[in-house]
There are 2 protein chains.
Amino acid sequence: MITIGQLAAYAGVTIKAVRHYHKLGLLEEPSRDSSGYRRYTAEHAIHLLKIKTLAEAGVPLGRVKELLAADPDQVAAAMAEIDRSLEMRVRELRRTRQRIARLSGGDRLFVSAEVADYLDDLRELGVSERGVRLERDGWILLQSVSPKNAAVWIAEKRVAIGDPEFRALYLEYDSAYDWSPDDPRLPALAERAQRWLVKRPDRVEGGPPLRDPALVQLVSSSTGSRSPAWDRLAEIGREQRS
Amino acid sequence: MITIGQLAAYAGVTIKAVRHYHKLGLLEEPSRDSSGYRRYTAEHAIHLLKIKTLAEAGVPLGRVKELLAADPDQVAAAMAEIDRSLEMRVRELRRTRQRIARLSGGDRLFVSAEVADYLDDLRELGVSERGVRLERDGWILLQSVSPKNAAVWIAEKRVAIGDPEFRALYLEYDSAYDWSPDDPRLPALAERAQRWLVKRPDRVEGGPPLRDPALVQLVSSSTGSRSPAWDRLAEIGREQRS
DNA sequence: CTTGACATTGACCCAAGGTCAGGGTTCGAA
DNA sequence: TTCGAACCCTGACCTTGGGTCAATGTCAAG
C-alpha cells in the first residue's frame, strides 16, 4: 500500500494531478488509512500510467475517461485515431519551425508568394526600400480587405512589370516621393502615367472594374506614409481625367 | 484602413484574440474612427502575424511581448532556443506515439525493462499468469516505494533465476497458491525455501539489508491477492527462523 | 427605413492543473 | 519523548488563451 506521493512519483505526475483525476472521476478513489491518507495499490499505479500516457498525447481528460471505460475494440480504434492526430501535430510543429526560422527574414511570411516575388522584382529593378515597403503594406491591406481582388491585381501587376515603360514610370514615381509638390517635373510625369494607363496591355480576363488609382489611394492614404509630391500627382491626375 | 474583422481574417485569428492581445499590451491599440471602431494599418497586420506565428509555436504570450520589443540579436537567440524546444516537443510526441502503440500491449509500459525481462523469463519458465501478475504488481509497488532498492533487487532476482533450485522452488510456490493451508507438502516446501535462502549465491555488492521475505510480505499483503497456503508458508518460515 | 452583418464593452466559463492557507500525521534523530 | 522535516488533508483562488453571451451601437444595401 503506497501513499499518494509515492504513486505520483512512480507515474511521474504531481500529487495535485492525482487528486485532480480523482475529482474528475478518472481514477478511482482508494480506501483511506486510519488517519485519512489515501492508500494505493498497483492497480491504481497501472491505471494512472495509462491516464498519464493518454493525457500526454493531448487526449482531453474527458475522452480519457471514456476510453478507459470502453471495450478493447473501441480503444484500439481510438488509439489509431490519436496516433494520426499526433502525427499531424508533429508535421504542424515542423512547419511552424520553418516559419519561425523565416520570421526574422524576408517578407514571405506576410504576403502571398506571388506578391513576395513581385516585391523581389521591384528590389531588383532598383526601387528604394521605402518604396518596396509601401508596396508591401499596400498588399497586406489589400489582401485583408479582399483576398480575391488582390489575387487578380497581383497577376496584372506581374504582367505590367514586364513592360519597360511601366518599369521606368515606377522608378520615377519612386524617386518623386521626395520631390517638392511644386517640382516642374510633376505634370509631365502625371501625364506620362496617364498615357500608360490608357494604352497599357489588356487587363486580365474577368478583372474587377476598380482602377489602379484606387489602389494607389488606398495604399498611400492608409499607411500614413504619403508625400506632398505624390498627393500633388494624384491631384493632377484627377484634373486631367475630368 | 481595415477593420478588426478584416485584420483577424487576414492573420487567421479570431476578433476576440486580437482584442485579447490589445489587453495584454501585445498589439498596439490603433486609433478609432468617428464611431469608435478600431482602424488598423498594415503595420498592425504584420505585427499580428508575428504574434500569431510565435504563439502557434507555443511561446507564452508574455515572452512574445518581450521578444517583439527586443533587439534583433536577442530575437535571433530566442528563435534558436524556441526552435530547440520545438524539436524536443517533436521528439517527445514521437516517443508518446510509441508508448500509445504499446498501451494495449504488454507490461513494458508499467515496469522497467529489467523487470519486464524478468517477467518474460517467468512466463517462459511456466509460471501461471496469476503468478506473473502478482510479481508485476509487486514490482510496481516496489518501484514506487523505493526505485533504488527495486533496481538492486531486480538484479539479484535475475541472477537467482539462473539457479535451477530457485526455478523449481518458484514453480512450486506458484502452484502452492491454491493448496489448502493444511496441505502436508507445505512444511517441506517452507524448509526447502529456507535452505535455499541461506546457502544461495552471494548477494549483489552493496545490496540493502532487507531480506526477501519482506518483499514477499509487501507484495502479498498489498495487492490483496494472498492465499491461505501462502500465509501458512510465511508463518512456518517465521517459526523456523526463531 | 428596415434588415443583417458587424462592432463595442463587460462578465462569466473552460481545461488542467498550480499555489497558498491552515491545518493534521509520521518518522527518524537527539 | 520530543523535535523538526517531510508528508498528507481540504478548500479556495490564480493562471493561459481565449470562447460565449448579453446588451447595445453602427454601417451599407435594398
Side-chain angles (χ1 to χ4, degrees), chain A residues 1-27 29-40 44 48 50-68 85 89 92 96 144-146, chain B residues 1-27 29-40 44 48-68 82 85 89 92 96 144-146 149 208-210:
Chain A
M1 292 301 209
I2 57 177
T3 68
I4 195 171
Q6 288 166 334
L7 177 79
Y10 172 77
V13 307
T14 64
I15 292 177
K16 195 64 218 278
V18 174
R19 291 204 273 247
H20 191 53
Y21 296 156
H22 284 321
K23 210 171 299 179
L24 298 187
L26 253 166
L27 185 64
E29 276 271 5
S31 47
R32 309 291 183 113
D33 67 12
S34 60
S35 60
Y37 288 12
R38 294 177 180 86
R39 291 298 181 155
Y40 296 86
H44 289 103
L48 179 54
K50 287 183 184 173
I51 294 169
K52 187 207 169 199
T53 304
L54 289 171
E56 264 178 2
V59 181
L61 296 191
R63 279 212 66 202
V64 170
K65 190 175 177 182
E66 292 169 31
L67 276 187
L68 292 177
S85 85
R89 286 223 326 246
E92 248 170 56
T96 303
S144 68
V145 171
S146 168
Chain B
M1 289 302 210
I2 57 177
T3 68
I4 195 171
Q6 288 167 334
L7 177 78
Y10 173 75
V13 304
T14 64
I15 292 178
K16 194 63 215 280
V18 173
R19 291 205 274 248
H20 192 53
Y21 297 155
H22 284 321
K23 210 172 299 178
L24 297 187
L26 254 168
L27 185 63
E29 278 271 5
S31 47
R32 310 289 182 113
D33 66 12
S34 58
S35 61
Y37 286 14
R38 293 178 178 86
R39 291 300 181 153
Y40 296 88
H44 288 104
L48 180 55
L49 269 178
K50 286 184 183 173
I51 294 169
K52 188 206 169 198
T53 303
L54 289 171
E56 264 177 3
V59 181
L61 295 190
R63 280 213 64 202
V64 170
K65 189 175 177 182
E66 292 169 30
L67 278 187
L68 292 176
I82 290 166
S85 85
R89 273 188 22 209
E92 250 169 55
T96 302
S144 69
V145 171
S146 168
N149 282 349
L210 203 61

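By convention in this document, chain letters (A, B, ...) are assigned in the order of the sequence lines, proteins followed by strands, and residues within each chain are numbered from 1.
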Query raised in the report: Heavy-atom count around Lys52(A) NZ within 6.0 Å, excluding the residue itself: above 12?
Result: yes

Report task. Mind listing the closest non-hydrogen atom pair of Pro30(A) and Arg38(A) along with its distance? Result -> CG-CB, 3.7 Å

Query raised in the report: For Leu24(B), which contact category applies under a 4.0 Å heavy-atom criterion: base, sugar-phosphate, or nothing?
Result: nothing

Query raised in the report: Do you know the tightest heavy-atom contact between Ala11(A) and Leu48(A)?
Result: CB-CD2, 3.5 Å

Requested in this report: Quick one: list whatever passes side chain to side chain contact (heavy atoms under 4.5 Å, CB included) with Ser85(A), sequence neighbours left out.
Outcome: none

**Report entry** Euclidean distance, atom NE2 of residue His22(A) to atom P of dG11(D) [Å, nearest integer]
**Finding:** 14 Å

Query raised in the report: Asp33(B) CG to dT26(D) C1': how many Å, rounded?
Result: 9 Å

Report task. Would you mind reading off the distance between Glu29(A) atom CD and dC9(D) atom C1', rounded to a whole angstrom? Result -> 11 Å

Report task. Report the end-to-end axis angle of the helix from dC1(C)-dG30(D) to dA30(C)-dT1(D); each axis comes from five terminal pairs, and the value is rounded to 10°. Result -> 10°

Query raised in the report: Considering heavy-atom distances to DNA chain D, does Thr3(A) or Gly58(B) have its closest nucleotide positioned more toward the 5' end?
Result: Thr3(A)

Query raised in the report: What is the distance from NE2 of His20(B) to C1' of dT15(D), rounded to the nearest Å?
Result: 11 Å

Report summary line: In whole angstroms, the gap separating P of dG18(D) from CG of Leu61(B) amounts to 6 Å

Query raised in the report: Does dC7(D) have OP1 or OP2 sitting under 4.0 Å from an N or O in the side chain of Arg39(A)?
Result: no

**Report entry** Gln6(A) or Ser34(B), whichever maps to the more 5' nucleotide of DNA chain D
**Finding:** Gln6(A)

Report summary line: Here the distance between atom P of dG25(D) and atom OH of Tyr37(B), to the nearest Å, is 11 Å

Report task. Return yes if some donor-acceptor pair links the side-chain N/O of Glu56(B) with the main-chain N/O of Thr53(B) below 3.5 Å, else return no. Result -> no

Query raised in the report: Any side-chain N or O of Thr14(B) less than 4.0 Å from the OP1 or OP2 oxygen of dG19(D)?
Result: yes

Requested in this report: Please state whether the phosphate of dG18(D), meaning OP1 or OP2, lies under 4.0 angstrom from any side-chain nitrogen or oxygen of Tyr21(B).
Outcome: yes

Requested in this report: May I have the distance from Ile15(A) (atom CD1) to dT10(D) (atom P), rounded to whole angstrom?
Outcome: 12 Å

Report summary line: First and last nt of DNA chain C near chain B, cut-off under 4.0 Å to heavy atoms, 5' to 3', are dC6(C) to dA11(C)

Query raised in the report: For Met1(A) and Arg39(A), which heavy atoms make the closest approach, and how far apart are they?
Result: O-NH1, 3.7 Å

Report summary line: Between NZ of Lys52(B) and P of dG18(D) the distance, given in whole Å, is 11 Å

Report summary line: When every non-hydrogen atom of Leu26(A) is compared with those of Ile51(A), the smallest separation belongs to O-CD1, 3.8 Å

Requested in this report: Quick one: label Arg19(B) by what it contacts on the DNA or RNA (base, sugar-phosphate, nothing), any heavy atom closer than 4.0 Å.
Outcome: base

Report summary line: What one should report as the nearest heavy-atom pair of Ser144(A) and Ile2(B) is OG-CD1, 3.2 Å

Requested in this report: Work out which heavy atom in His20(A) is nearest to a heavy atom in Leu61(A); give both atom names and the distance.
Outcome: CD2-CD1, 4.2 Å

**Report entry** Note, Asp33(A) side chain near Thr3(A) side chain (heavy atom, < 4.5 Å)
**Finding:** no

